[in-house]
Number of protein chains: 2
Amino acid sequence: MTTRDTILQAALERFARVGYLGSSIQQIADDVGTSKSSVLYHFDSKEALLEAAMAPALDAMESLIDALPELRHEHTAAAPGLVTRFVDTLMAHSAAISIFISQRGALQGVPAIERANAIVDAIARTLVLEAPTPRVLTRLSIGLAGVAFILGDTLSTEHDHLDPHEMRAIFIETLLELSSTGEDA
Amino acid sequence: MTTRDTILQAALERFARVGYLGSSIQQIADDVGTSKSSVLYHFDSKEALLEAAMAPALDAMESLIDALPELRHEHTAAAPGLVTRFVDTLMAHSAAISIFISQRGALQGVPAIERANAIVDAIARTLVLEAPTPRVLTRLSIGLAGVAFILGDTLSTEHDHLDPHEMRAIFIETLLELSSTGEDA
DNA sequence: TCGACTTCTGACCGATCGGTCAGTACGATG
DNA sequence: CATCGTACTGACCGATCGGTCAGAAGTCGA
């Protein structure tokens, strides 16, 4: 693996664990055994480093949005296939997702976070088309935020976590349940 | 209101909006129209300020825990009364709750956060007694984290949010649903 | 052998951080 | 009037922050 990729990985992990503001370039350099100057050679700034670290996750989410219109006419409400793909994408990029969820308030104005905000808006916009009640939307927000939070938690704590497959199943099932109207069918 | 209380309120709001690490004592002083030295006169340190700002929320949560054993034998699973009280407490202290939820990773070792961690552990411990499956526990975590996240979001963004009463009802209903075994009764 | 390019480093910069300290203004108390 | 405690302030401190820069070391093709 190239030095650049090593830095990218260490930065993503550290940003997720102790926060972007709580991480210094020096600490990231120490993590990978290089110098602060080396980090700033590969990336123009700390912000650029964050952007590069989050890019794969944002790319994946954007391509999921592009595929969303084709997936949703499968059912009127959220289709199981859509939710499954969503959960898989979240879990594949849990570090970046966790950074966005818990730090987007503190990082307003940072390009990478603004891009992620736009993605969330796009998701909400397409969901609103088929889930007009604020009730279902709120329920879905609870579910998505909760799932994202737990993913971040598994990264930053060494608690005993249940195995990823079980977690995945619970996530999918719970999100589907929350995306239904609620009371009963 | 005393200067001390004004500082406390401004600090709580700022910590919730842009993060503890993203807030400087100078900025908080500017918010209330006083000097950095004045803030440090009323509070020994930035950490002490955080602790004092979060204390009311933590006190409320602790007293809720104390009342928990008496409330739970009402039903085997989470009782509606318990959930309602829980949601009300969360909403009454949304700023402090939001700080804990989204920044406890970055603030490990800070006394106020350690105290909050202990509270969460206590809640989990009492819940485990009656909800032994990791499945229900995960579902509850999703719900609680999701609710807490939304509360923080309403503070830090100027989005159009639905009215608190509606939100409260959805929170309670959703949490009760998630605390059930799932599939059906 | 000679540049040219990439990778990387240590020295250094101004700004800001949390925190200390000596001192000031002032109302209450004797 | 003198004294004391409370509230508050500006000057200052060392440390760390993100970022710049000149140059060293190694690897190329010409």
Side-chain angles (χ1 to χ4, degrees), chain A residues 1-55 99 102-115, chain B residues 1-55 99 102-115:
Chain A
M1 191 154 48
T2 69
T3 301
R4 198 189 127 99
D5 289 340
T6 313
I7 293 172
L8 228 32
Q9 186 179 330
L12 187 64
E13 190 272 339
R14 196 171 254 282
F15 288 160
R17 212 181 66 240
V18 298
Y20 175 79
L21 293 173
S23 307
S24 68
I25 300 178
Q26 184 66 64
Q27 289 171 335
I28 295 169
D30 292 346
D31 287 344
V32 307
T34 185
S35 68
K36 187 177 73 166
S37 300
S38 169
V39 174
L40 284 164
Y41 163 75
H42 288 287
F43 304 95
D44 285 345
S45 65
K46 194 186 175 187
E47 265 194 22
L49 175 54
L50 173 66
E51 195 155 9
M54 293 192 67
I99 291 172
S102 63
Q103 300 176 56
R104 78 193 214 297
L107 303 181
Q108 275 176 1
V110 176
I113 265 63
E114 294 300 322
R115 190 181 156 201
Chain B
M1 191 153 50
T2 68
T3 301
R4 199 190 125 98
D5 289 340
T6 314
I7 293 172
L8 228 32
Q9 186 180 330
L12 188 63
E13 189 272 338
R14 197 171 255 282
F15 289 160
R17 212 181 66 240
V18 298
Y20 175 79
L21 292 173
S23 308
S24 69
I25 300 177
Q26 183 65 65
Q27 289 171 336
I28 295 169
D30 292 345
D31 287 343
V32 305
T34 186
S35 68
K36 187 177 73 166
S37 300
S38 169
V39 174
L40 284 164
Y41 163 75
H42 289 286
F43 304 95
D44 286 344
S45 65
K46 194 185 175 187
E47 265 194 21
L49 175 55
L50 173 66
E51 194 154 10
M54 293 191 68
I99 291 172
S102 63
Q103 300 176 56
R104 78 193 214 299
L107 302 181
Q108 275 176 0
V110 177
I113 265 62
E114 295 300 322
R115 188 181 157 202

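A note on names: the letters A, B, ... follow the listed sequences, proteins ahead of strands, and every chain is numbered from 1. Only a predicted model underlies this, so the values are computations on that prediction, with no experimental measurement involved.
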Atom pair distance, as rounded to whole Å: CZ in B:Phe43 and P in C:dT20: 16 Å
When all nucleic acid strands are considered with a 4.0 Å heavy-atom cut-off, which category describes B:Ile25: base, sugar-phosphate, or nothing? sugar-phosphate
5' priority, DNA chain C, between A:Ser37 and A:Tyr41 [closest heavy atom]: A:Tyr41
To the nearest Å, give me how far apart CG (A:Leu50) and C1' (D:dG18) are. 14 Å
Send over the distance from A:Leu49 CG to D:dC17 P, rounded to a whole Å. 15 Å
Atom CG of B:Leu40 and atom P of C:dG23 are separated, to the nearest Å, by 20 Å
Describe the nucleic acid contact of B:Thr2 in one word from base, sugar-phosphate, nothing, applying a heavy-atom distance below 4.0 Å. nothing
Could you say whether A:Glu47 or B:Ser35 is positioned toward the 5' end of DNA chain D, judged by the nucleotide with the nearest heavy atom to each? B:Ser35
Output yes when at least one side-chain N/O atom of B:Thr3 is less than 4.0 Å from OP1 or OP2 of D:dA7, else no. no
Within the structure, does a side-chain N or O atom of B:His42 lie under 4.0 Å from either OP1 or OP2 of D:dT6? no
How long is the line joining NZ of A:Lys46 and C1' of C:dT16, in whole Å? 13 Å
Residue-phosphate contact under 4.0 Å: A:Ser38 side-chain N/O, C:dT9 OP1/OP2: yes
Measure from the side-chain N and O atoms of B:Tyr20 to the backbone N and O of B:Glu47, and report whether any donor-acceptor pair falls under 3.5 Å. yes
With a 4.0 Å cut-off on heavy atoms, is A:Ser24 in touch with a base, just the backbone sugar-phosphate, or nothing at all? sugar-phosphate
Establish, from distance only, whether the side-chain atoms of A:Asp30 and A:Gln26 form a donor-acceptor pair under 3.5 Å. yes
Length of the line joining B:Ile28:CD1 and C:dT16:P, which is rounded to integer Å: 17 Å
Rounded to the nearest angstrom, tell me the gap between atom CG in A:Asp5 and atom P in C:dT7. 12 Å
Which comes earlier along DNA chain C counting from the 5' end, the contact point of A:Val39 or that of A:Lys36, where each point is its nearest nucleotide? A:Val39
Are the side chain of B:Lys46 and the backbone N or O of B:Ser23 linked by a donor-acceptor pair below 3.5 Å? yes
Would you check if the side chain of A:Gln103 reaches a backbone N or O of A:Phe15 as a donor-acceptor pair within less than 3.5 Å? yes
On the nucleotide D:dT9, are OP1 or OP2 found under 4.0 Å from the side-chain N or O atoms that B:Thr34 carries? yes
Side chain proximity check, B:Ile113 to B:Leu50, heavy atoms < 4.5 angstrom: yes
Protein-nucleotide distance (B:Asp30, atom CG; C:dT16, atom P), rounded to Å: 12 Å
